[in-house]
Amino acid sequence: MSDIYRAIADATRRQILDELVAQDDLTLFDICTRLTTRYSNTATRQAISQHLAVLEEAGLVHSRRVGRTKVHTVDTEPLRAITQRWPTDRTGE
């Protein structure tokens with residue numbers, strides 16, 4: 001679970017996740033464009049690619065090839081472990 005915390009600790013990675021939640025199946029170009037226009041994030045393509053690698057290692061993002069293009073999708077299932085460890089709705093209070 002520590003990989004999940006490391007993955008979501010960075011603001012750019014959270015922005016990437018926000019964009020993939022808003023629309024799945026984004027290419028690296030799509031993600032870079034969205035981060036630049038919506039967040040004024042000027043990270044390089046290489047930096048964004050490295051951020052995506054961290055998110056993939058944590059299981060929060062999956063990628064697949066569609067022809068010559070690599071497409072990224074979000075998987076929020078690993079975040080469920082956090083909510084199970086610290087439930088957000090506390091009954092009995």
Side-chain angles (χ1 to χ4, degrees):
M1 187 179 333
S2 64
D3 289 342
I4 294 171
Y5 296 120
R6 180 176 166 255
I8 62 175
D10 184 82
T12 298
R13 289 193 284 268
R14 290 191 305 270
Q15 292 169 352
I16 292 169
L17 288 173
D18 288 341
E19 291 307 312
L20 287 171
V21 166
Q23 181 179 344
D24 251 348
D25 296 337
L26 295 176
T27 65
L28 177 60
F29 176 80
D30 295 332
I31 293 168
C32 290
T33 302
R34 286 169 171 258
L35 294 182
T36 300
T37 57
R38 293 198 174 132
Y39 305 99
S40 299
N41 186 326
T42 58
T44 64
R45 288 174 54 90
Q46 181 180 3
I48 300 300
S49 183
Q50 290 171 344
H51 284 301
L52 284 166
V54 171
L55 291 169
E56 283 192 71
E57 287 175 22
L60 293 168
V61 171
H62 300 289
S63 62
R64 68 182 190 287
R65 289 264 177 206
V66 178
R68 294 174 49 186
T69 306
K70 190 173 184 183
V71 176
H72 302 87
T73 58
V74 68
D75 181 2
T76 57
E77 186 62 32
L79 296 173
R80 189 173 313 278
I82 295 172
T83 60
Q84 289 173 347
R85 183 172 179 178
W86 295 295
T88 56
D89 63 344
R90 300 174 88 188
T91 57
E93 287 189 12

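Heavy-atom basis, side chains included; hydrogens, waters and symmetry copies ignored.
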Taking every non-hydrogen atom, the tightest pair across Ala43 and Ile48: CB-CD1, 3.7 Å

Stepwise side-chain contact (heavy atoms from CB on, under 4.5 Å) check, Leu55 with Leu20: CA-CA 12 Å; Leu55 291 169; Leu20 287 171; 5.7 Å; no

Drop me the distance from Leu60's CG to Ile16's CD1, to the nearest 0.5 angstrom. 11.0 Å

If hydrophobic residues (ILVMFWY) are linked whenever their side-chain heavy atoms come closer than 4.5 Å, directly or via other members, who joins Val71 in its cluster? Val66

What's the verdict on side-chain contact (heavy atoms from CB on, under 4.5 Å) for Val74 and Leu17, showing C-alpha distance, side-chain angles and the deciding distance? CA-CA 7 Å; Val74 68; Leu17 288 173; 3.9 Å; yes

side-chain hydrogen bond (donor to acceptor under 3.5 Å, both in side chains) filter on Thr69, not counting sequence neighbours, yields none

When you group the ILVMFWY residues by side-chain heavy-atom contacts below 4.5 Å and let the links chain together, are Ile8 and Leu52 in the same group? yes

For a quick test of reading the model, state the closest non-hydrogen atom pair linking Pro78 to Gly59 and the distance between them. CG-O, 3.3 Å

Separation between CG (Asp18) and OH (Tyr39), nearest 0.5 Å, reads 4.5 Å

Treat each ILVMFWY residue as a node, draw an edge where side-chain heavy atoms are under 4.5 Å apart, and state whether Tyr5 and Val54 are in one component. no

Suppose the criterion is salt bridge (Lys or Arg N to Asp or Glu O under 4.0 Å): which pairs have a residue in residues 19-44, not counting sequence neighbours? Glu19-Arg34, Glu19-Arg38, Asp25-Arg64

With Arg14, which residues qualify under salt bridge (charged side-chain N to carboxylate O under 4.0 Å, His left out), at least two apart? none

Using the side-chain hydrogen bond (donor to acceptor under 3.5 Å, both in side chains) rule, collect all pairs that involve residues 44-55, keeping only residues at least two apart or in two chains. Arg13-His51

Quick one: do Val61 and Ile82 end up in the same hydrophobic cluster if we chain Ile, Leu, Val, Met, Phe, Trp and Tyr together by side-chain heavy atoms under 4.5 Å apart? yes

With a 3.5 Å cut-off and no angle check, do the side chains of Asn41 and Thr36 form a donor-acceptor pair? no

So do Glu57 and Asp3 actually touch side chain to side chain, heavy atoms under 4.5 Å? no

Do the side chains of Lys70 and Thr27 get nearer than 4.5 Å, heavy atoms only? no

Can you run down the side-chain hydrogen bond (donor to acceptor under 3.5 Å, both in side chains) pairs that involve residues 73-83, sequence neighbours left out, and say none if there aren't any? His62-Asp75, Glu77-Arg80

